[in-house]
Student: 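My structure is below; once you've seen it, I'll send some questions.
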Amino acid sequence: MEETIERELGFQVELVHEGLAKILVPKMDLYLREDKVYEPAWAPVFYNPRMRFNRDIAILFARAYSVYGKSTKEGQTPVIVEPLAGTGVRAVRYAIEAGAQVIVNDIDPRAVKLIELNARINNVNDRLQVFQLDANELLSRLKREGVRPTIVDIDPFGSPAPYLDAAIQSIGRQGVLALTATDTAPLTGTHLKALRRRYDVEPARTAWEKEQAVRILVGYVIRRAASYGYGTRILLAYYADYYVRAYVELLKGAKRADESLNMLGFGGYCPSCGYTGYIDKSTTRCPYCSHELQRVGPIYTGPLCDKRILDRLLKEAYEAEWLAEHKRVIGFLEAYSAECEIERPYYRIDKICSILKRNMPKISQIVDRLREHGHKAVKSIYDPRAVKTTARHPEFLKILSEL
Ligand SMILES: C[S@@+](CC[C@H](N)C(=O)[O-])C[C@H]1O[C@@H](n2cnc3c(N)ncnc32)[C@H](O)[C@@H]1O
């Protein structure tokens, strides 16, 4: 059977299991780099096993949102659009594990063949509608035809920016944009010119570069959505491995759009005293030591998750033992649930300690001491050397220096 399939596809395949799906993917051993690590971009159709965690959260989100989201009444089938689908692994999983109706698309004919095969193998042909179009063309067509997606999941190579306008316009009165961005070099400020060009921000590389990446992407979505008359709610946004992922709910309404724009601001980092936080558009100097700030913005300055949806995700996660990375998913959701309550960006303790010319205490010690002083504090999921706290900067420095 596999030989016939391989002849038809023109490349060798293997069967992998992910979540509840069985998926035919290009034979991974044939695309190894010199260091013997599999390079998904070299395969004829893109499959990245390192994105299992990303897909697990996507499945949970679809399950949670169909219950929690106001647009889908309980028990109603969510309609999910995946315009850049590769092997179809995510689409098939949405169909099987979230009971969704999926509109799935890829520009590459080899990918489309594989998607169709994977739909058949998993008996979900009736739940997947497969297209071979440019992603923006698909999204415009869906809008013209009056399809009103519950979720549009944009999972491209690099930046989702080229697909944002069509994706936003494809949403009806209410729906969710799920976005992956793997262009972390611009977003974290390693490539400043690309960051300015792609996301229209004053670029910088702060000491909280992973959170800056998330807040830049989300801020950009808020601005694009507002220009089409949508307000936005950030249901979940995070950085993991080497990508940013965001789930943004769009709600039609000029007033809502205006309110969402009010959540934008600028981020600042002071290389002299370590100040980390939000600043006004016009602030160029550190509010504590007057040194010139590293400034980035406009960025989103609000909470990076909605507590109700996160609780729902956790509830779903405890039950979904079949997930590909079940333990990691639970650990992440539990930790992020506490972290999201603190809206300020994280402190990189190694950088602050180097400014203070002292050894780095244990992160858990810092968190405990901050809590003893009545502040909220957590070890951040963004970086093993990072702490989030509600303590004001001078108080934070004082507590740190006393340890
Ligand atoms: C990162 S992969 C998708 C991975 C997939 N979402 C998953 O979870 O495994 C990006 C896919 O987008 C497709 N693609 C690239 N440009 C496209 C375009 N303009 N329109 C539609 N598909 C496109 C590529 O062929 C590739 O399969």
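Each ligand, and each atom within it, is numbered from 1 in the order the structure gives. Residue numbers start at 1 and run along the sequence shown.
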Student: Hey, which atoms in ligand 1 end up nearer than 4.0 Å to a heavy atom of Asp155?
Tutor: 1 (C), 2 (S), 3 (C), 4 (C), 5 (C), 6 (N), 7 (C), 8 (O), 10 (C)

Student: Can you tell me if Arg285 and Ser290 form a side-chain donor-acceptor pair at under 3.5 Å?
Tutor: no

Student: Test your reading of the structure: does Thr87 have an N or O sitting under 3.5 Å from an N or O of ligand 1?
Tutor: no

Student: Would you mind running through ligand 1 and noting each atom that sits below 4.0 Å from a heavy atom of Val89?
Tutor: 9 (O)

Student: How far is atom 22 (N) of ligand 1 from its nearest protein heavy atom, and which residue and atom is that?
Tutor: Ile107 N, 3.2 Å

Student: For Ala85, take its heavy atoms, then give the atoms of ligand 1 lying under 4.0 Å from any of them.
Tutor: 5 (C)

Student: Taking the side chain as C-beta and beyond, is there a heavy-atom pair between Ile151 and Val79 under 4.5 Å?
Tutor: no

Student: Report yes or no: does a heavy atom of Met51 sit under 4.0 Å from some atom of ligand 1?
Tutor: no

Student: Side-chain contact test, heavy atoms from C-beta onward, threshold under 4.5 Å: evaluate it for Val81 versus Asp153 and give yes or no.
Tutor: no

Student: Could you tell me whether some N/O pair between Ala111 and ligand 1 is separated by less than 3.5 angstrom?
Tutor: no

Student: List the steps, then state whether ring pair (Phe, Tyr, Trp, His ring centres under 6.0 Å) holds for Tyr247 with Tyr65.
Tutor: CA-CA 10 Å; Tyr247 296 84; Tyr65 187 72; 9.5 Å; no

Student: For atom 18 (C) of ligand 1, which protein heavy atom lies nearest, and how many Å away is it?
Tutor: Asp134 OD1, 3.7 Å

Student: Would you please indicate if the ring centroids of Phe266 and Tyr278 are separated by under 6.0 Å?
Tutor: no

Student: Using a strict cut-off of 4.0 Å, indicate which atoms of ligand 1 neighbour a heavy atom of Pro83.
Tutor: 21 (C), 22 (N)

Student: Is it the side chain, the backbone, both or neither of Tyr163 that has a heavy atom closer than 4.0 Å to ligand 1?
Tutor: side chain

Student: Any chance you could lay out the side-chain hydrogen bond (donor to acceptor under 3.5 Å, both in side chains) test for Arg348 and Tyr269, step after step, and finish with the verdict?
Tutor: CA-CA 11 Å; Arg348 269 277 299 277; Tyr269 174 69; over 6 Å; no

Student: Looking at ligand 1, does Leu133 have a heavy atom less than 4.0 Å from it?
Tutor: yes

Student: If only side-chain N and O atoms count, and only distance matters, is there a donor-acceptor pair under 3.5 Å linking Asp183 with Tyr199?
Tutor: yes

Student: Would you kindly say whether Tyr336 and Tyr382 are connected by a side-chain donor-acceptor distance under 3.5 Å?
Tutor: yes

Student: With a cut-off of 4.0 Å, which atoms of ligand 1 are near a heavy atom of Arg55?
Tutor: 7 (C), 8 (O), 9 (O)

Student: Output yes when the distance from some N or O of ligand 1 to some N or O of Glu82 is under 3.5 Å, and no in every other case.
Tutor: yes

Student: Of all the heavy-atom pairs spanning Val104 and Ala85, show the shortest one and how long it is.
Tutor: CG2-CB, 3.3 Å

Student: Would you say Phe157 touches ligand 1, if touching means a heavy atom closer than 4.0 Å?
Tutor: yes

Student: Identify the closest protein heavy atom to atom 2 (S) of ligand 1: which residue and atom is it, and at what distance?
Tutor: Phe46 CD2, 3.6 Å

Student: I'd like to check whether Leu84 has a polar contact with ligand 1, where a contact means an N/O of the residue lying under 3.5 Å from an N/O of the ligand.
Tutor: yes

Student: Is there a polar contact between ligand 1 and Pro156, counting only N or O atoms under 3.5 Å apart?
Tutor: no

Student: Considering heavy atoms of the protein only, find what lies nearest to atom 11 (C) of ligand 1 and give residue, atom and distance to 0.1 Å.
Tutor: Asp106 OD2, 3.5 Å

Student: Check whether any side-chain N or O of Arg93 sits under 3.5 Å from a backbone N or O of Ala21 as a donor-acceptor pair, and report yes or no.
Tutor: no

Student: Within a strict 4.5 Å, meaning less than it, do heavy atoms of the Tyr346 and Thr276 side chains meet?
Tutor: no

Student: Within the 4.5 Å heavy-atom criterion, are Tyr347 and His393 side-chain neighbours or not?
Tutor: yes

Student: Got an N/O contact under 3.5 Å between Asn105 and ligand 1?
Tutor: no

Student: Which residue holds the protein heavy atom closest to atom 8 (O) of ligand 1, what is that atom called, and what is the gap in Å?
Tutor: Arg90 NE, 3.0 Å

Student: If you have a sec, work out which protein heavy atom is nearest atom 20 (N) of ligand 1 and how many Å separate them, to one decimal?
Tutor: Ala135 N, 2.8 Å

Student: Looking at Phe53, does the NZ or CZ of Arg328 lie under 6.0 angstrom from its six-membered ring centre and within 45 degrees of the ring axis?
Tutor: yes

